[in-house]
Amino acid sequence: MPITLLAQPDIEPSGAPRPLIDRYGRHITYLRVSVTDRCDFRCTYCMAEDMQFLPRRDLLSFEEIDSIVSAFVARGVRKVRLTGGEPLVRRDFMALVERIGGHFGAGLEELTLTTNGSQLRRHAQGLARAGVRRINVSLDTLDEERFAAITRRGRMADVMDGIDAADVAGLKIKINMVAMRGVNEDEIEPMMRWAHGRGFGLTLIEGMPLGEVGIDRVESYLPLRKLREQLGRRFTLERADHRTGGPARYDWVKETGGLLGFITPMSHNFCESCNRVRLTATGQLYMCLGQEDMVDLRAAVREGGPQGLDAALDRAMMLKPKGHDFVLDRTDTGPALERHMSVTGG
Ligand code: SAM
Ligand code: SF4
């Protein structure tokens with residue numbers, strides 16, 4: 001039976017904003033926005049060497065991004081993460097951050113960013129001024145040669161420089177490391193000691209089969225559940241209540257005094273508590289990183305204005321799937337989804 005959706009006002013009769021709740025009762029309070037699919041790196045697990053990018057004219061304008069963010073904030077979204085591709089390569093990026101920062105006080109509680117760090121030195125102070133308090137910086141190795149091999153064109157010194165600048169600007173830093181068998185698994189402990197030694201959190205991520213990138217995902221897959229068990233024999237890991245609104249589960253590491261997070265989409269499905277949706281740089285709203293269901297918010301805003309947008313958010317809630325179904329199959333090493341992480345926004 002088709003589901004009929006009626007456009008409802010943003011405000012319930014009680015005066016409270018009408019929240020975004022999906023069919024499974026999950027509250028959506030977290031929006032990730034990919035501001036560009038482009039990047040100055042070509043990390044082996046994320047992109048193909050000869051990645052084709054979208055024409056710039058297809059990207060949402062800052063006005064459009066802002067009106068979509070406003071619609072979400074009006075419906076109870078409290079956290080926005082800017083990502084990509086590499087968000088800092090989008091021209092005039094700071095103007096967007098300042099604009100979105102304008103929603104603080106109107107319901108937005110946190111504005112944050114995931115970056116590869118290459119351009120961070122230039123932007124660190126501006127980010128802090130615009131109200132950004134925490135950032136995630138992706139760093140998979142502390143070895144310069146490995147760094148060059150993984151990113152295919154990055155310079156580790158730039159990233160380190162960016163991290164230093166962010167630290168000086170007072171931004172709280174979390175390092176994201178995609179843990180890969182045969183690539184950087186021997187660096188997990190050194191990375192943790194380095195990150196915790198500098199007062200940064202470290203989150204380990206399982207590689208996901210998103211987009212054709214020319215590497216064997218099965219070969220490099222490192223189950224983090226097992227890794228946590230192994231680390232637990234060498235360190236005292238205490239489950240932390242700490243939640244950042246994202247999918248990571250955290251431990252305090254007694255010996256280092258730092259937080260260690262695990263994002264385990266493959267070895268432990270965390271979809272039951274998912275509170276996120278993702279906007280692509282061209283305005284498609286994906287309700288799940290690992291599924292195809294989407295709503296075209298650009299069309300909604302262009303054709304229906306604020307009301308059309310609001311109704312599209314209701315449609316999206318009806319479409320949010322129960323979860324992803326990533327499996328790594330030894331006989332099929334290709335991607336589970338054609339869409340790269342850089343398109344949906346990591
Ligand atoms: N360019 C920025 C960066 O690298 O931080 C933001 C976008 S990137 C797509 C966001 C995060 O996704 C990064 O931490 C990256 O390591 C991770 N990532 C990219 N492709 C992935 C994949 N196939 N599986 C798991 N994590 C991935
Ligand atoms: Fe670029 Fe981030 Fe993907 Fe690396 S992980 S290629 S830095 S978007």
Side-chain angles (χ1 to χ4, degrees), residues 32-54 81-90 93 112-120 123 134-141 147-156 158-159 162-163 166 173-181 183-184 191 195 201-224 246-248 261-267 270 276 278-281 286 289-290 324 326 328 333-346:
R32 293 194 175 203
V33 180
S34 172
V35 303
T36 174
D37 64 324
R38 286 166 197 259
C39 187
D40 48 349
F41 292 1
R42 297 286 183 281
C43 301
T44 50
Y45 50 81
C46 178
M47 292 191 180
E49 173 99 65
D50 58 348
M51 207 57 192
Q52 297 296 310
F53 296 110
L54 298 163
R81 176 177 296 278
L82 303 176
T83 178
E86 175 48 38
L88 297 182
V89 305
R90 173 110 189 222
F93 173 73
T112 173
L113 170 82
T114 301
T115 174
N116 66 21
S118 68
Q119 321 271 324
L120 196 49
H123 294 293
R134 300 192 297 139
I135 58 169
N136 290 359
V137 183
S138 302
L139 183 66
D140 303 314
T141 175
F147 184 91
I150 293 173
T151 63
R152 293 201 185 102
R153 50 184 75 178
R155 266 181 17 107
M156 199 171 90
D158 296 338
V159 177
I163 289 175
I173 298 169
K174 188 155 66 70
I175 303 294
N176 278 352
M177 175 184 193
V178 177
M180 292 167 279
R181 189 164 63 189
V183 177
N184 62 358
M191 184 68 91
L202 172 66
T203 297
L204 303 173
I205 306 175
E206 282 175 348
M208 288 173 259
L210 297 173
E212 189 55 72
V213 291
I215 62 163
D216 183 339
R217 309 261 194 196
V218 176
E219 196 62 33
S220 60
Y221 173 59
L222 186 67
L224 291 184
F262 296 87
I263 299 186
T264 55
M266 310 302 291
S267 67
F270 42 60
R276 295 170 289 291
R278 297 162 192 266
L279 181 69
T280 70
Y286 281 93
L289 188 58
H324 70 68
F326 293 139
L328 279 181
T333 55
L337 277 189
E338 292 300 317
R339 212 168 64 237
H340 291 83
M341 182 85 140
S342 52
V343 171
T344 329

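Numbering of ligands and ligand atoms starts at 1, following listing order.
- For atom 6 (C) of ligand 1, the choice among G154, G85, C39, S138 with the nearest heavy atom turns out to be G85.
- From N176, atom CG reaches atom CG of L202 across 8.5 Å, with rounding to the nearest 0.5 Å.
- For ligand 1 and G207, the ligand atoms under 4.0 Å from any heavy atom of the residue are 24 (N), 25 (C).
- With a 4.0 Å cut-off on non-hydrogen atoms, T115 touches ligand 1 through its backbone and not its side chain.
- Considering only heavy atoms from C-beta on, Y221 stays 4.5 Å or farther from M208 through its side chain.
- Side chains of N184 and T141: no donor on one and acceptor on the other come within 3.5 Å.
- Rounding to the nearest 0.5 angstrom, the gap separating the CG atom in D37 from the CZ atom in R90 is 10.0 Å.
- Counting the atoms of ligand 1 from 1 in the order shown, those under 4.0 Å from a heavy atom of V178 are 16 (O), 26 (N).
- T114 and R81 share a side-chain donor-acceptor pair at under 3.5 Å.
- Listed by atom number, the atoms of ligand 1 under 4.0 Å from C46 heavy atoms are 19 (C), 20 (N).
- Close contacts between ligand 2 and F41 involve ligand atoms 6 (S), 7 (S) [criterion: under 4.0 Å to a heavy atom].
- R152 CZ to F41 CZ: the interatomic distance, rounded to the nearest 0.5 Å, is 13.0 Å.
- Within the structure, the closest approach of E206 to ligand 1 falls below 4.0 Å when heavy atoms are considered.
- Look at G85 and you'll find a heavy atom under 4.0 Å from some atom of ligand 2.
- Here the heavy atom of the protein found nearest to atom 4 (Fe) of ligand 2 is C43 SG, 2.3 Å.
- Between D140 and ligand 1, not a single N/O pair is under 3.5 Å apart.
- Atom 4 (Fe) of ligand 2 has no N, O or S atom of C39 closer than 2.8 Å.
- Applying the 4.0 Å criterion to heavy atoms of M208 picks out, from ligand 1, the atoms 22 (C), 23 (N), 24 (N), 25 (C).
- Using modelled atom types and a 3.5 Å distance limit, the side chains of D40 and Q119 yield a donor-acceptor pair.
- For ligand 1, the atoms closer than 4.0 angstrom to any heavy atom of G84 are 7 (C), 9 (C).
- The part of T83 lying near ligand 1 is the side chain, judged by heavy-atom distances below 4.0 Å.
- At a 3.5 angstrom cut-off on N or O pairs, E86 counts as close to ligand 1.
- Of all non-hydrogen atoms in I163 and I173, the two that sit nearest each other are O-CD1, 3.6 Å.
- Remark: L139 CG to F147 CZ distance equals 6.5 Å, nearest 0.5 Å.
- A donor atom on one side chain and an acceptor atom on the other are found under 3.5 Å apart for E86 and T115.
- C46 SG, 2.4 Å is the protein heavy atom nearest to atom 3 (Fe) of ligand 2.
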